[in-house]
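Shown next, in structure tokens, is the structure this report addresses.
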Amino acid sequence: MSLRQQLRVPVGQDFDLSTVDPSSTPGLTGKKASSKWARKKLKAIGDGLSLFQEQLFATATVTGTRRRVVLLLQAMDCGGKDGTVKKVAGTMNPGGLSVVGFGKPTAEELRHDFLWRIRKAVPPPGQFAVFNRSQYEDVLIVRVHNLVPPEVWEGRYDQINAFEAELTAAGVTILKVMLHISRDEQKARLDKRLHDPTKYWKFDPADLQERGFWDDYQSAYNVALSRCSTEIAPWHVVPANHKWYRDWAVATLLHETLADLDLSYPPPSFDVHLERKRLAKA
Ligand code: ATP
Ligand code: MG
């Protein structure tokens with residue numbers, strides 16, 4: 001079974017995050033379930049990702065296909081989105097990659113529909129984007145704190161599904177990943193940030209307040225994962241207490257997704273023999 005199948009949130013069913021052990025390592029058993037094995041393997045997968053990325057870019061350049069890819073990451077605070085971006089996206093060519101973070105909306109963003117800023121970040125054909133947070137914040141933090149009236153956030157699940165269907169039709173492959181940590185692991189990571197002067201900058205006192213809403217966030221995640229895991233853009237939950245597992249799993253999900261696209265180098269748009277002869281005389 002592919003990792004995508006193992007980690008997929010079933011479509012059209014009620015999903016409960018508490019049924020997934022954040023310390024588990026699905027797909028890695030025995031001696032493979034170790035930091036050493038997973039870190040080594042990550043390197044090899046990364047090489048494969050760079051190759052796919054180059055083929056995606058070359059094909060779009062030469063044949064004009066509209067194919068592009070978005071890796072969308074969501075997680076609780078300290079869930080490891082930044083680390084994942086560094087480790088997984090770090091294996092790719094920066095020229096064909098954008099990493100976009102979606103924080104608290106700016107005044108301008110608030111004047112538009114919630115999908116406005118997301119649309120602007122969709123990569124052009126041939127390119128890759130990583131979304132560090134996403135349109136889902138508008139049914140997570142916004143729902144937990146009722147930043148807009150319930151009837152407004154309630155309508156957003158369907159709007160998000162319609163939006164993702166539209167993107168898919170326009171050639172965008174969307175890989176949605178939730179990095180799932182435990183409440184204890186979050187505490188340990190916050191504690192680390194408070195005990196290491198080189199990590200103070202990562203600590204946000206507001207995160208402690210949000211931690212008080214842990215259960216509300218988990219419920220909001222359950223609804224979003226249940227309602228927005230669709231055939232065209234399913235959700236995947238990656239147990240993320242072990243960073244080595246998390247990085248291996250996200251890289252593997254991405255690799256499986258790209259392998260499905262049947263990428264290859266485009267054929268020449270010129271007569272190779274003729275050009276060789278011309279070059280010989282040039
Ligand atoms: P780090 O983990 O390094 O702190 P981060 O992703 O938490 O990174 P921040 O800039 O600290 O980055 O936080 C972004 C904040 O913006 C989060 O608390 C997030 O919930 C919030 N946010 C994102 N989108 C929205 C939104 N649409 N409405 C309100 N708040 C949002
Ligand atoms: Mg933060």
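For the numbers below, each heavy atom of this structure counts, side chains included, while hydrogens, waters and symmetry mates do not. All residue numbers in this chain count up from 1 along the given sequence. Just so you know, ligand 1 is whichever comes first in the structure, and atom 1 is the first atom listed for that ligand. Given the structure is predicted, the values throughout are model-derived calculations rather than measurements.
- Formation of a donor-acceptor pair under 3.5 Å by the Tyr245 side chain with backbone atoms of Pro26 is found in this model.
- For the pair Arg156 and Phe114, the cation-pi test (distance below 6.0 Å, angle within 45°) is passed.
- Side-chain contact between Leu49 and Gln53 is absent, with no heavy-atom pair separated by less than 4.5 Å.
- Results of the side-chain contact (heavy atoms from CB on, under 4.5 Å) test with Pro239 over Leu179, Leu7, Ile181 single out Leu7 as the only residue that passes.
- Both the sub-6.0 Å distance and the 45° axial angle are satisfied by Lys120 relative to the ring of Trp116.
- Within 4.0 Å of ligand 1, contacts by protein heavy atoms are made from Asp77, Lys81, Asp82, Phe102, Gly103, Lys104, Pro105, Arg117, Arg133, Glu137, Asp138, Ile141, Val142, Leu147.
- With rounding to the nearest 0.5 angstrom, the NZ atom of Lys202 is 11.5 Å from the CG atom of Leu190.
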